[in-house]
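Everything numeric here is computed off the predicted structure, so don't read it as measured data. Quick note on labels: first sequence line is chain A, next is B, and so on, each numbered from 1. Both backbone and side-chain heavy atoms feed into the values below; hydrogens, waters and symmetry mates do not.
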Amino acid sequence: MQSLKIYNSLSNKKEVFKPIKDGFVGMYVCGPTVYSNVHLGNVRTFMSFDMIYRYLLHLGYKVRYVRNITDAGHLTDDDAEDKISTKARLEKLEPMEIVQKYTIDFHNILQKFNNLPPSIEPTATGHIVEQIKAIETIIENGLAYEVNGSVYFDVIKYNKTENYGILSKRKIEDAIENTRALDGQSDKKNAQDFALWKKAGPEHIQRWDSPWGVGFPGWHLECTVMSSKYLGEEFDIHGGGMDLKFPHHECEIAQAQACNHVAPVKYWMHGNMLTMNGKKMSKSTGNNILPKEIFTGDNPNITKAYSASVARFFMMQAHYRSVLDFSNEAIMAAEKGFNRLMEALNLLNKLETSANSSFDVSKWKQQCYDALNDDFNTPILIANLFEAVKIINLIHDHKETLNEQDLDNFKQAIHAFVFDVIGLENTSISNDNSDKLNGVVEILIALRNQAREDKDWNLSDKIRDELIALGIQLEDGKEGTTFAIN
RNA sequence: GGCGUCAUGGCCGAGUGGCUAGGCUGGGCUCUGCAAAAGCUCCCACAGCGGUUCGAAUCCGCUUGACGCCUCCA
């Protein structure tokens with residue numbers, strides 16, 4: 001088996017990946033809060049972890065991939081209404097209608113981007129009982145306190161024996177010194193404390209009974225509870241966006257330690273942000289682009305529509321831990337590269353074999369694995385794929401050769417990397433189109449070829465130009481004319 | 001203000017103490033009736049200033065700039 005290295009946010013180092021249980025991987029990724037449509041930035045994170053999931057599967061691991069849906073509203077600030085309630089009021093819907101609507105949107109969009117579904121997709125509201133139980137345990141362990149029907153985690157006390165800041169590399173002392181002057185309405189003992197349970201005011205729509213009265217759970221708790229329920233108190237990989245590192249993931253560690261007295265996660269992984277105009281995409285600031293706008297081209301930041309696969313390819317050209325800036329120019333360049341890759345893949349199926357091989361497939365293949373094994377370096381993998389594109393074209397021109405066994409190996413590897421691991425879909429070219437359309441175009445090609453033989457350039461150019469206007473590109477090659485549909 | 005990350009050729013975007021990333025664009029060539037498409041090929045960059053080193057874009061320091069987190073956020 002290949003030796004995989006993963007960058008662990010806990011140590012800030014690349015570490016050799018060794019699962020807790022041989023051959024099995026438990027992976028938890030923080031899912032979305034479903035109060036609005038997912039934007040492209042959200043999609044990037046889930047796509048990154050989809051690639052990671054796919055590669056682990058490709059390596060032969062049995063992976064349990066858990067990704068939650070946050071369907072309980074959380075506070076925007078200390079005494080305001082939560083986001084799901086706000087949205088419910090605005091759209092005149094039940095909170096659970098909001099949740100349902102945007103959960104479906106989330107699933108649809110991720111499916112369009114060819115993301116595999118997780119093994120388990122638990123919801124926060126489906127685990128209220130477990131959350132209450134966890135709070136009771138934390139109180140029993142002396143690390144939480146109740147005030148006025150709300151329960152808070154005692155960060156200062158926790159930090160005396162444990163390290164609050166172990167993940168984000170913050171020092172709690174700094175945090176205390178730099179606390180902004182708050183309004184003073186909070187029930188918390190310290191500003192650093194965070195809510196495990198929050199009392200629900202009369203206007204609060206989502207509410208549950210608890211030992212502390214009617215309320216709702218704190219945001220960080222659901223992930224602690226659901227990850228340990230489905231993956232155990234200690235599991236291999238926990239992922240999420242960089243912006244969740246603090247406070248969310250830091251709090252998860254603290255809660256898990258307070259409940260189970262163990263560090264919950266062996267490898268913490270954080271995907272970086274997708275920016276637009278140099279700034280983070282964000283639901284709250286409005287600096288974002290929706291997937292459906294990518295598909296239709298209906299957004300001021302782009303000049304045309306792009307397919308989901310092109311967007312996926314665009315993102316896979318950057319490393320998941322790097323900031324990636326979205327622009328029309330960048331995705332347009334990606335589209336051209338993507339099309340070239342797909343053209344070569346189509347050509348791959350038509351290659352002829354030779355007695356000998358002039359190209360070392362095994363070496364090339366290992367280079368691809370080396371890239372992925374180095375913390376899932378998809379940009380390097382893609383660079384290698386373009387090396388393969390070149391080889392494919394040269395074989396087609398009889399300037400390189402592969403024997404039958406090597407060609408099989410080559411095909412298999414390319415398909416595995418392109419489709420299984422990176423998760424692209426071949427949306428291009430004529431094989432997808434109906435026989436009838438193919439037949440019609442073949443007739444036109446034959447007519448044009450006759451016109452060309454007759455040197456009737458007016459007619460032959462007219463056929464060519466009118467087809468291109470429809471998005472059908474005729475390609476004159478040595479072995480006759482073929483066509484591609486854009 | 002605190003903590004952290006990053007600064008690469010026209011654009012996007014990898015990487016390494018000494019040997020070509022890759023994509024897009026642009027130049028050249030092949031193919032073509034002309035084109036287009038496609039293919040081949042060329043274009044050697046690493047913010048600034050110091051330092052370590054035989055050698056640094058890659059390590060260290062400072063400066064400048066950008067971004068992220070510190071408040072819901074993927």
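- Residue side chain A:R464 reaches the base of B:rC34 through a donor-acceptor N/O pair under 3.5 Å, judged by distance alone.
- Phosphate contact (OP1/OP2 of B:rG39, side-chain N/O of A:K390, threshold under 4.0 Å): absent.
- Between A:Y152 and A:W197, the gap from one ring centroid to the other reaches at least 6.0 Å.
- Under 4.0 angstrom from either OP1 or OP2 of B:rC69 there lies no side-chain N or O belonging to A:R170.
- With both pairing distances under 3.5 Å, B:rG68 is matched to B:rC3 as a Watson-Crick or G-U wobble pair.
- Among the heavy atoms of the strands, none lies under 4.0 Å from A:G239.
- An OP1 or OP2 oxygen of B:rG15 is reached within less than 4.0 angstrom by a side-chain nitrogen or oxygen of A:N377.
- For A:K304 and A:Y306, the positive end sits near the middle of the six-membered ring, less than 6.0 Å away and at most 45° from its axis.
- Counting non-hydrogen atoms under 4.0 angstrom, A:K279 reaches the backbone sugars and phosphates but no base.
- Distances shown here put a side-chain N or O of A:K283 below 4.0 Å from the OP1 or OP2 atom of B:rA74.
- Distances shorter than 4.0 Å separate none of the side-chain N or O atoms of A:S168 from OP1 or OP2 on B:rC69.
- Below the 3.5 angstrom threshold, one finds no donor paired with an acceptor across the side chain of A:D476 and the base of B:rG33.
- Residue A:H270 is out of contact with every strand shown, counting any heavy-atom pair closer than 4.0 Å.
- B:rA57 is unpaired under the Watson-Crick or G-U wobble criterion, no partner having all donor-acceptor distances under 3.5 Å.
- Distances shown here put every side-chain N or O of A:R321 at or beyond 4.0 Å from the OP1 or OP2 atom of B:rU5.
- Taking a pair to require two hydrogen-bonding distances under 3.5 Å in either a Watson-Crick or a G-U wobble arrangement, B:rC62 pairs with B:rG48.
- The aromatic ring of A:F46 is not stacked on the base of B:rA74, since the criterion of ring centres less than 5.5 Å apart with planes inclined by under 30° is not met.
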